[in-house]
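A short worksheet on the structure shown next.
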Amino acid sequence: MLDVALSFAVILVVFLVLPLIVGQTEHKVMAHMQSRLGPMYAGGFHGWAQLIADGVKFAQKEDVIPAAADRRVFMIAPGVALVPYLVVLIAIPFDRDFVAVDLSLGLFFVLAVMGVGVLGSIMAGWASANKYSVLGGMRSAAQLMSYELPLVLAAASVAMAAGTLSLPGIVEAWQWWWLPWQAVGGVVFFVAGLAELRRPPFDMPIAESEIIMGPMTEYTGMRFALFMLAEYAGIVVLSFLTTVLFLGGWHGPFLPGWLWTLVKVFALAFVVIWLRVTYPRLREDQLQKLAWAVLVPLALFQLALTGVVKVLV
Amino acid sequence: MDGYFGSYVLVAALLALGVAIVAGALFANRLLRPSRPTAEKLTTYECGVDPVGDGWAQSQVRYYVFTYLYVVFAVDAVFLFPWATVFDAPGYGLTTLVEMFVFLGFIALGIVYAWRKRVLSWT
Amino acid sequence: MTEAVPSYLSPTGQEIVFLLLGAVAVGSALLVVTTKQLVHAALWLVLCFGALAGGYLVLTAEFVAWVQVLIYVGAVIVLLLFGIMLTRAPIGRSADLDSRNRPVAALVAVATAAVLVTVVIDAFRTAYTPLTPGGGAASELGASVFATWVLPFEALSVLLLAALIGAIVLSRTDIRGTTQPESPAPTPPRPPTEPSSSAATHGDTVEPPTSSETATSDHGGAVTPPGDRQGGATSDETGGA
């Protein structure tokens, strides 16, 4: 029972604190990449408390629900977008023998549950009764549908290599030479995951210069904050998954396992931020083309490569 | 809390915890926030001008195709997972690998067809 | 299937959970067909599928349960919602969702349910099997599919291919039927199909419904979003949480 309480506590910390750290890192990294300073005031030292101040502000904001909106659906949509990311964390190993629940179908469980999050943005988009929101909701649904496929295929390649669907089992089976072997799958998984998060350069659904904020246009205060938390929790979950599936999780010399996991997660989160600063937004047709004409064939190629190497070698 | 049922009880518990976090955040928000609705505040936001027409407008069919493609392919991809756990086991090997490639080959034909018929390119 | 039937008077935890999930599934399914709001029907269906997945989980069909979530909740519902959005998805109640066939529909539904329940009860009677986890695991399924049921599996790929091609053919706009579609008089004739008009090359233009004021196109509608129109620039405005 103590084990369970401890692992739940770790999950909550990962879910509630790491997204804030990633968000603050994004503020500062983006600022310095663009020759700015970023937040400098809140908390005194380089604006470290900026996101806490944001949170306090969000908590006091009025909750405006447009008169034309479908109230109930509008109100629960942020929860639908957020909760799947929390549930997913239960199957992710942080260290050797440190996972809340070792589900025998862990990988498949994670993919299935993350797929539920798409409903959140469709619900938000439709229930807002705003044309920009509807457009954004449809765009994000189409985008998530298209990128779910390469994500699933790339994940299947790892399952083939490890011969198991349990996430701790996959990390246990990981060898260093999987890095070149599964490299294509890893890139496909990470890029598709980035698109699932609707992060720039895949942020067509919330393209703020043309459809304001997409499905989140009408949201204010706490509900908007929940959507934001979902986005950053999504970054954390994606980084964890890529680490566990492709980068060997806790494997690494010298340092303790949990530290290796964290180092890899933060390196990937940095890449997420870096990509945001570097690339311009993809147009809707380019988005779909990238998914179907590049990522899916690459993922199929990775599947063939994995199968041939595994059976013949 | 071990075994199959124990682990899914924990999953259900975490789900309940997540719902509680969201509900708690919204409840705290309710205690802290002001509520002064006015008619103008509650109108739909369309960049400051009065909203035109309804909040919903008809959209293009091409989204539907991509979703349909995904549904078909997802049904196919699902079979990869049971296969991945057994194809390397003794008694399966090359035959099972070829079986999956035949399966994927048929589906790939579908992608090629879609490609040739320009469904994947934005019209 | 063992014959020893434990008492029904002291249900196990699994049985209670299963019954509750069944009640949720039936209740939400009823809401799907009785709600007056089109999109709500699809959303209630999510709850129904979720309860079904829970039922599979209780029955130790682990893989099937998560397939239910991945395919049905994650994909089929989205497909349904798209379908609704393409035709009409008004907020609020639609008055014309019910037809006068309601009693007939209820009769058919009850009759179907009666047939199914009778068949299941007659087939199994008091047969009892204990819940043993592991039978629904991915490796078990893989073993039986790829050792015993290979041919149906390969036939499935042909079926999926047929469905895929059917969908593509149906959604293409550049195939003209041999007979001209009869167009009712009031609607103005559309220009002969010109799928690559300049407006449509950029993103998802919304086709304005004819004879309506809601002519919003994604770009260049009556409303102009604030800020710059340079879609490519990454902006810091929407930064942190």
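Proteins come first, then strands; the chains are lettered A, B, ... in the order of their sequence lines, and each starts at number 1.
What you find for A156(A) and A84(B) is that their closest heavy atoms are O-CB, 4.2 Å. When all heavy atoms are compared, the tightest approach of A59(A) to L32(B) is O-CB, 3.5 Å. Nearest heavy-atom pair, L86(A) versus G18(B), reported as atom, atom and distance to 0.1 Å: CD2-CA, 3.2 Å.
Looking only at heavy-atom pairs under 4.5 Å with chain A, the residue among A77(B), A13(B), A25(B) that has the most is A25(B). Of the listed residues (T164(A), V64(A), L149(A), V83(A)), the greatest number of heavy-atom pairs within a distance under 4.5 Å of chain B belongs to L149(A). When each of I11(A), V308(A), L103(A), T217(A) is checked for heavy-atom pairs under 4.5 Å with chain B, L103(A) comes out on top. Between chain A and the options L26(B), V71(B), V19(B), V78(B), the largest number of non-hydrogen pairs under 4.5 Å is found for L26(B). Across G221(A), G79(A), A304(A), A91(A), the residue that shares the most heavy-atom pairs under 4.5 angstrom with chain B is A304(A). Considering only heavy-atom pairs separated by less than 4.5 Å from chain B, the leading option among L303(A), V101(A), L82(A) is V101(A).
Atom CZ of F81(B) sits about 5.0 Å away from atom CG of L111(A), to the nearest 0.5 Å. With rounding to the nearest 0.5 Å, the separation of OG in S7(A) from CG in L10(B) is 7.5 Å. Between the CG atom of L17(B) and the CZ atom of F15(A) there is a distance of 9.5 Å, given to the nearest 0.5 Å. In this structure, T85(B) OG1 and M160(A) CE are separated by 11.0 Å, a value rounded to the nearest 0.5 Å. To the nearest 0.5 Å, atoms CG (N29(B)) and CG (L226(A)) are separated by 8.5 Å. Note that CG of L300(A) and CZ of F101(B) are 9.5 Å apart. Values are rounded to the nearest 0.5 Å.
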Check: Run the side-chain contact (heavy atoms from CB on, under 4.5 Å) check on I21(B) and L12(A) step by step: do they pass?
Finding: CA-CA 10 Å; I21(B) 288 177; L12(A) 281 187; 3.6 Å; yes
Check: Y70(B) and L144(A): side-chain contact (heavy atoms from CB on, under 4.5 Å), yes or no, with the steps?
Finding: CA-CA 10 Å; Y70(B) 169 67; L144(A) 265 68; over 6 Å; no
Next item on the list: Applying ring pair (Phe, Tyr, Trp, His ring centres under 6.0 Å), run through W292(A) and F73(B) and close with a yes or a no.
Entry: CA-CA 11 Å; W292(A) 290 99; F73(B) 279 102; 5.7 Å; yes
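For V158(A), no part sits under 4.5 Å from any heavy atom of chain B, backbone or side chain. L31(B) does not touch chain A: none of its heavy atoms, backbone or side chain, sits under 4.5 Å away. With a 4.5 angstrom heavy-atom cutoff, F109(A) touches chain B only via side-chain atoms.
Each of E62(A), Q60(A), K61(A) was evaluated against P34(B); a single residue qualifies, E62(A), per the side-chain contact (heavy atoms from CB on, under 4.5 Å) test.
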